[in-house]
There are 2 protein chains.
Amino acid sequence: MTIHDVARLAGVSAATVSRVLNGAGHPVREDTRRRVLEAARLLDYYPNRLARSLLRRETAVVGLLVPDVSNPYYAAILRGAEDVAHQRGLAVMLCNTDRDPTKQRQALRTLLEHRVDGVIVAGGTLTAADLARVDGRVPVVAVGRHPARVPCVRVDNVQAARQACRHLLDLGHTQVAFLAGPPSSYTARDRVRGYMSALREAGVRPDDGSVVWSEFTAQGGYAAARQLLDRCQVTAVLACNDQMALGALRALWEAGLRVPADVSVVGFDDTPAAAVSVPALTTVAVPTYEMGRRVMELLLALRAGHRASGVVLPAELKVRESTAPPRGGPYASVGRGKTRPEGREATCRHP
Amino acid sequence: MTIHDVARLAGVSAATVSRVLNGAGHPVREDTRRRVLEAARLLDYYPNRLARSLLRRETAVVGLLVPDVSNPYYAAILRGAEDVAHQRGLAVMLCNTDRDPTKQRQALRTLLEHRVDGVIVAGGTLTAADLARVDGRVPVVAVGRHPARVPCVRVDNVQAARQACRHLLDLGHTQVAFLAGPPSSYTARDRVRGYMSALREAGVRPDDGSVVWSEFTAQGGYAAARQLLDRCQVTAVLACNDQMALGALRALWEAGLRVPADVSVVGFDDTPAAAVSVPALTTVAVPTYEMGRRVMELLLALRAGHRASGVVLPAELKVRESTAPPRGGPYASVGRGKTRPEGREATCRHP
DNA sequence: TTGTAAGCGTTATCAC
DNA sequence: GTGATAACGCTTACAA
């Protein structure tokens with residue numbers, strides 16, 4: 001079933017069929033056009049994009065590298081990117097890398113062999129060598145800060161984490177711990193730096209072991225919090241993402257600690273689960289879906305030959321129910337003792 | 001940068017380069033092979049799969065249709081499918097459809113134009129017409145029950161929901177509500193049927209309005225639970241997935257109801273969040289990741305010409321902390337009043 | 001307005 | 001063992 005079959009049925013040449021189907025402004029007599037369209041419909045003809053791509057040297061496919069789609073953070077980014085792509089008629093080829101350099105390299109090779117029109121790297125980082133390999137072949141853009149010279153869409157994680165930490169310090173906390181994501185994550189490292197710098201600014205010396213590195217998952221947060229409770233006395237916990245925060249909430253509860261009465265907890269990202277947890281999670285909202293959209297737009301602009309550079313999107317602290325002044329602190333009476341709202345007009349908002 | 005460049009540099013013909021690079025058993029002299037490999041490395045040559053696919057009539061790409069990757073259920077399936085695909089050297093092209101028939105049809109067309117070697121439909125359903133269109137072009141398989149004749153990997157949702165509901169009935173509940181997913185979802189409908197049949201078997205007549213249809217999200221579950229509380233008196237809530245259950249937990253808490261003391265809640269799927277919520281969610285574990293793997297294996301078997309048929313995987317009820325006998329029921333003293341475990345050896349398991 | 005023909009980068013089929 | 005050569009299905013000058 002090729003363009004020639006359609007041509008034969010319509011009694012025209014393949015070239016004419018191509019012109020009708022691509023409608024690229026080339027003049028075609030109206031009744032020829034109709035005959036071609038009808039023939040294509042009858043034969044249920046699908047043009048072969050491989051052939052077209054081979055000739056045109058572009059595939060209308062973009063590649064997307066993520067550590068793990070099961071992580072809601074990347075799923076949201078992917079969704080945003082995909083929405084833009086589909087809207088513009090492009091397809092998306094997805095690769096999970098688990099931040100594994102080998103898998104990353106393999107995935108990149110696959111994408112390049114398939115001659116994708118561009119690559120988006122979300123979380124995880126290409127080495128300079130990988131990047132040199134891509135050089136001149138297709139544009140590459142990133143979500144989140146990228147060590148190599150790649151235009152990227154991101155939030156200022158250092159700043160955001162600093163703000164979250166300051167929120168806790170402002171409430172009067174002095175024992176603030178940080179549940180960090182995997183050290184291989186740039187995002188995790190930036191958030192740790194923000195946390196550190198907020199402490200430093202406030203003149204607070206963090207305890208040894210107040211930073212626990214773990215996985216970006218609920219179980220990771222749970223395990224990290226347990227470890228933390230074994231060795232430190234803390235009144236506030238800042239987690240590297242919402243899932244970790246949720247895991248920490250559970251660990252604290254198991255330890256007989258109430259949130260926020262005994263310990264305050266702050267998450268990161270503002271995933272849907274954060275809004276409905278009990279207590280609802282104070283968290284730094286990161287516009288993941290929008291980042292996905294923007295990074296795809298950035299890539300497409302680059303592909304179209306426009307010169308475009310990265311963007312820094314705003315992250316915003318959302319104070320909900322999981323933070324309060326520490327027990328016995330100077331403002332301890334503020335916002336205390338009402339861990340359960342009176343009635344239905346509570347804090348959970350409908351987007 | 002083509003195979004000819006490599007050939008020229010190595011001082012051989014393109015055919016020889018192809019033979020070396022594909023190593024498909026064709027004999028090549030050892031030092032020729034080395035020269036070719038060296039030339040390819042030097043030029044950093046990536047074979048063009050478009051050309052190869054065009055000739056071979058297979059692309060080593062499979063298409064995956066999901067309603068929404070942001071839903072952890074589909075993300076897990078996708079991850080499973082992708083792991084198998086990559087392991088076998090295949091790429092995955094992803095399309096989000098939002099269960100929208102138009103988007104579904106568009107996505108399918110895109111995939112077919114790109115000449116994917118097969119299509120996996122997860123959630124959402126192809127019409128008979130769509131399927132006829134695919135007929136004979138590429139194999140199609142589904143995750144979850146599919147109305148049209150498509151081999152599928154699934155769990156028995158009717159049975160699973162019945163079991164979950166029976167768990168509540170066995171505890172002594174008689175007022176069991178169901179928070180259903182969107183009616184366009186086969187899974188949602190099957191789960192409703194299982195719920196209904198359990199009630200029927202137990203001789204319980206459900207109240208009008210004890211089934212509330214909503215979205216497969218935390219907000220959906222939250223809203224549905226609010227609606228439910230406005231019009232019914234219930235002692236147990238069965239939710240169509242974990243996110244909905246988590247939303248319901250929140251709504252109940254806001255209404256001043258304790259779980260499980262006042263109301264029991266059961267989720268579905270056993271996502272990571274379910275294990276760490278407070279109380280930890282009793283839920284029906286669905287092997288989503290495994291389903292993803294299996295459906296990809298099924299597709300590849302079909303593609304390889306083997307005749308293979310669908311599988312029904314087991315779902316298993318995991319009783320955790322969110323269910324207990326109803327207040328004042330015959331077994332009301334069992335499992336009551338210990339909503340907080342004594343110590344650290346609590347129920348949260350590390351996978 | 002339409003047709004002819006070249007060629008995109010591979011690989012399979014023949015020769016040698 | 002290796003090299004020509006002819007496809008694969010399409011688009012696009014160029015000709016008519």
Side-chain angles (χ1 to χ4, degrees), chain A residues 1-37 39-40 43-61 89 109-117 137-138, chain B residues 1-37 39-40 43-61 89 109-117 137-138:
Chain A
M1 170 54 43
T2 77
I3 201 170
H4 289 101
D5 299 310
V6 179
R8 195 171 323 124
L9 182 59
V12 297
S13 74
T16 301
V17 175
S18 175
R19 291 194 270 252
V20 170
L21 263 27
N22 295 298
H26 192 103
V28 178
R29 218 172 53 209
E30 189 47 34
D31 88 302
T32 315
R33 145 170 280 108
R34 266 206 304 278
R35 282 213 318 285
V36 168
L37 255 19
L43 295 175
D44 195 31
Y45 167 70
Y46 288 64
N48 185 328
R49 292 220 188 210
L50 300 171
R52 170 203 287 221
S53 299
L54 190 55
L55 195 58
R56 288 230 194 127
R57 291 139 171 284
E58 65 173 43
T59 52
V61 178
R109 162 170 280 271
T110 303
L111 294 178
L112 291 176
E113 288 190 355
H114 282 288
R115 296 297 189 265
V116 294
D117 289 345
R137 294 183 137 103
V138 297
Chain B
M1 168 55 42
T2 76
I3 202 171
H4 290 102
D5 299 310
V6 179
R8 193 170 325 121
L9 183 59
V12 297
S13 74
T16 301
V17 175
S18 176
R19 291 193 270 253
V20 170
L21 263 28
N22 294 298
H26 191 104
V28 177
R29 218 174 50 209
E30 188 47 35
D31 88 303
T32 314
R33 144 171 281 110
R34 264 206 304 278
R35 281 212 320 283
V36 168
L37 256 19
L43 296 176
D44 196 30
Y45 166 71
Y46 289 64
N48 185 328
R49 292 220 187 210
L50 300 171
R52 169 204 288 222
S53 300
L54 190 55
L55 194 60
R56 289 230 193 128
R57 293 137 171 282
E58 66 173 44
T59 51
V61 178
R109 164 170 278 271
T110 303
L111 294 178
L112 290 176
E113 288 190 355
H114 282 289
R115 295 298 189 267
V116 293
D117 289 346
R137 295 182 135 104
V138 297

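Chain letters run A, B, ... following the sequence lines, proteins first and then strands; every chain starts at 1.
Taking a 4.0 Å limit (strictly below) on heavy-atom distances, residues 4-21 of chain B reaches DNA chain C at B/H4, B/A15, B/S18, B/R19. DNA chain C is contacted by no residue of residues 29-37 of chain B, taking any non-hydrogen atom closer than 4.0 Å.
The salt bridge (charged side-chain N to carboxylate O under 4.0 Å, His left out) test applied to B/R19 returns no partner, not counting sequence neighbours.
You'll find the side chain of A/L37 reaches within 4.5 Å of the side chain of A/L21, heavy atoms only. Contact check for B/L43 versus B/M1: side-chain heavy atoms found under the 4.5 Å cut-off. Put simply, the side chain of A/N48 does not reach to within 4.5 Å of the side chain of A/T2, judged on heavy atoms. For the pair B/D44 and A/R137, the minimum side-chain heavy-atom distance is below 4.5 Å. Between B/T32 and B/V20, every side-chain heavy-atom pair lies at or beyond the 4.5 Å cut-off. Between A/S53 and A/L50, the closest side-chain pair of non-hydrogen atoms is not below 4.5 Å. Between B/R52 and A/E113, the closest side-chain pair of non-hydrogen atoms is not below 4.5 Å. Using a 4.5 Å heavy-atom cutoff, the side chains of B/H114 and A/V61 are in contact.
Put simply, chain B comes within 4.0 Å of DNA chain C, heavy atom to any atom, from C/dG9 to C/dT13, going 5' to 3'. For DNA chain D, the span of nucleotides reached by chain B at under 4.0 Å from its heavy atoms goes, 5' to 3', from D/dG1 to D/dG9.
Scanning all heavy atoms of the two residues, the minimum distance from A/R49 to A/G89 falls at NH1-O, 4.4 Å.
The main-chain N or O of B/L112 is found under 3.5 Å from a side-chain atom of B/R115 such that the two form a donor-acceptor pair. Without hydrogens or angle criteria, B/R35 side chain to B/A10 main chain gives a donor-acceptor distance under 3.5 Å.
Each of B/V28 and A/P47 was matched to the nucleotide of DNA chain D holding its nearest heavy atom; the match closer to the 5' end belongs to B/V28. Residue whose closest nucleotide on DNA chain C sits further toward the 5' end, between B/L54 and B/H26: B/L54.
Applying the salt bridge (charged side-chain N to carboxylate O under 4.0 Å, His left out) test to pairs two or more places apart or on separate chains, those with a residue in residues 3-13 of chain A are A/D5-A/R8.
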